[in-house]
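What follows is one structure encoded as structure tokens, with my remarks underneath.
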Amino acid sequence: MLNVVSRNIAHPILAGHPVARSLASRAGLISTTRALSTTPVVHNSSQGPFSFLPANKLEKKIGRGERSKGLTEIRGSYYNPVTYTYLNELLSDWGEFVDGVKFAGGSFSLMPQDRLKALIDMVHSHGCYVSTGGFIERVISVSGGDKATIIKYLEMCKKIGFDVLEISSGFLTIPTDDWVNLVKLTKSIGLKPKPEIGILFGAGGDTEGLESMGTRDPKWLIERAHAFLDAGADRIMIESEGITENVKHWRTDVVSSITSALPMEKLMFEAAEPAVFQYYVQNFGADVNVFIDHSQIVQLACVRKGIWGKSDLFNRVVTFKDN
């Protein structure tokens with residue numbers, strides 16, 4: 001009972017609740033009600049009880065998602081709510097393998113400010129960055145591209161604690177130069193720009209039946225990715241739709257074109273299903289950057305570390321790094 005009480009009253013929102021204070025007082029735990037530490041706490045599996053067993057060495061996690069390669073970004077609230085308590089527990093157990101948390105779509109815009117801020121601060125306490133989803137598309141659309149409105153949105157994202165701003169245009173037709181200017185503006189405000197690019201128009205909204213509309217040439221994607229990186233983009237998110245999602249057959253030729261033309265450490269691949277991130281690990285190794293659902297982090301961690309996997313990956317994923 002004491003462990004449950006101490007864990008719950010440490011929650012910055014619950015701590016002031018009369019019931020929580022009463023329980024804490026009886027348990028002698030009032031002193032544990034405090035703000036989250038500003039120093040990231042990241043547990044290391046190399047210090048666990050089974051650390052004597054061999055496992056792959058991965059790039060070290062530092063700062064907030066500043067691992068040089070092998071990053072994992074997980075989806076937060078979108079299909080289902082991802083609450084403070086659940087996410088805190090998930091990152092307490094598996095934070096070593098998570099670099100960033102993304103609020104898909106514009107889900108964060110509907111949350112009370114105090115609860116949103118508490119959630120973002122908690123994610124930071126686990127050494128992870130926090131990213132918006134592609135909500136900038138709606139901001140641009142409803143404002144008619146009004147710069148003052150867009151700046152206000154960016155500044156609020158920065159103020160509330162977001163680190164990364166995803167800049168997608170799956171539903172919009174926007175000139176490349178304007179897209180580049182948005183990347184520069186985002187960076188000037190102190191957020192890390194993360195453009196999302198795909199070969200399928202209308203992608204990014206959990207839509208179906210887009211394949212019949214045709215796809216863009218991979219050169220279109222590559223040219224824009226180069227322009228965004230030159231403008232200061234932190235990383236390029238590769239949209240899965242049209243490549244491994246909403247297609248009859250995976251477009252692995254597109255993946256090859258992208259990885260041949262762009263630096264791997266600057267790419268992050270959306271992997272909507274475990275089979276997709278397994279494909280990326282199988283072909284590019286444990287250091288590939290991927291975006292997955294929060295429910296898949298355990299499976300991906302085991303694959304990266306080389307301790308488990310399906311028959312085509314079991315005991316086959318390896319690394320060669322200094323101790």
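These numbers were taken from a predicted model, which means no experiment stands behind them.
- Considering every non-hydrogen atom in both Leu71 and Gly65, the closest pair reads CD2-O, 3.4 Å.
- Between Tyr280 and Phe269, the angle of the ring planes stays under 30°, which puts this pair in the parallel group of the 30/60° scheme.
- There is a side-chain donor-acceptor pair under 3.5 Å between Tyr86 and His294.
- The environment of CD in Glu66 is crowded: more than 12 heavy-atom neighbours from other residues, nucleotides or ligands sit within 6.0 Å.
- A 6.0 Å sphere centred on CZ of Phe320 holds no more than 12 heavy atoms belonging to other residues, nucleotides or ligands.
- Here the closest non-hydrogen pair linking Val281 and Leu300 is CG2-CD1, 4.3 Å.
- The salt bridge (Lys or Arg N to Asp or Glu O under 4.0 Å) with Glu166 is formed by just one residue from the set Lys192, Lys194, Arg235; it is Lys194.
- Considering Ile297, Val101, Thr85 as possible partners of Leu90, the one that fulfils the side chain to side chain contact (heavy atoms under 4.5 Å, CB included) test is Ile297.
- Donor-acceptor pairing under 3.5 Å is recorded for the side chains of Glu73 and Tyr129.
- Note on Arg316 versus Asp312: no salt bridge recorded, every NZ/NE/NH1/NH2 to OD/OE distance being 4.0 Å or above.
- In this structure, the side chains of Phe97 and Lys305 come closer than 4.5 Å at one or more pairs of heavy atoms.
- Atom CZ of Arg224 has more than 12 neighbouring heavy atoms from other residues, nucleotides or ligands inside a 6.0 Å radius.
- From Thr244, atom OG1 reaches atom CD of Glu270 across 7.5 Å, with rounding to the nearest 0.5 Å.
- Looking at Arg251 and Asp253, a side-chain N of the basic residue comes within less than 4.0 Å of a carboxylate O on the acidic one, giving a salt bridge.
- Across Thr186, Leu191, Leu185, Ile197, a single residue satisfies side chain to side chain contact (heavy atoms under 4.5 Å, CB included) together with Ile167, and that is Thr186.
- With hydrogens and angles left out, the side-chain atoms of Thr149 and Asp146 include a donor and acceptor closer than 3.5 Å.
- With values rounded to the nearest 0.5 angstrom, Met264 atom CE is found 6.0 Å from Leu267 atom CG.
- In this structure, Trp220 is a member of the same hydrophobic cluster as Leu182, with clusters built from ILVMFWY side-chain heavy atoms closer than 4.5 Å.
- Going from atom OG of Ser131 over to atom CG of Asp163 covers 8.5 Å, rounded to the nearest 0.5 Å.
- Aromatic ring centres of Phe135 and Phe108: separated by under 6.0 Å.
- To the nearest 0.5 Å, atom CZ of residue Phe162 and atom CE of residue Met156 are 11.0 Å apart.
- Criterion: ILVMFWY side-chain heavy atoms under 4.5 Å apart, direct or through other members. Under it, Val98 and Val290 are part of a common hydrophobic cluster.
- Contact check for Lys117 versus Asp121: side-chain heavy atoms found under the 4.5 Å cut-off.
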Self-check item: Verdict with supporting geometry, Leu172 and Ser141, side-chain contact (heavy atoms from CB on, under 4.5 Å)
Solution: CA-CA 8 Å; Leu172 303 179; Ser141 178; 4.3 Å; yes
Practice problem: Apply the test side-chain contact (heavy atoms from CB on, under 4.5 Å) to residues Thr252 and Tyr279: give CA-CA distance (whole Å), side-chain angles for both, the deciding distance (0.1 Å), then the verdict. | Solution: CA-CA 10 Å; Thr252 56; Tyr279 160 78; 3.4 Å; yes
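- Residues Thr72 and Arg304 bring a donor and an acceptor atom of their side chains to less than 3.5 Å of each other.
- With values rounded to the nearest 0.5 angstrom, Ser169 atom OG is found 6.5 Å from Ile174 atom CD1.
- A donor-acceptor pair under 3.5 Å is absent between the side-chain atoms of Ser168 and the main chain of Gly170, judged by distance alone.
- Salt bridge Glu59/Lys321: present, at least one basic N to carboxylate O contact under 4.0 Å.
- The backbone N or O of Glu241 sits less than 3.5 Å from a side-chain atom of Glu239, completing a donor-acceptor pair.
- Ile199 and Phe228 fall within the same hydrophobic cluster, defined by Ile, Leu, Val, Met, Phe, Trp and Tyr side-chain heavy atoms under 4.5 Å apart, directly or through other members.
- With contacts defined as side-chain heavy-atom distances shorter than 4.5 Å, the pair Glu265/Ser68 does not qualify.
- With rounding to the nearest 0.5 angstrom, the OG1 atom of Thr215 is 9.5 Å from the CD1 atom of Ile243.
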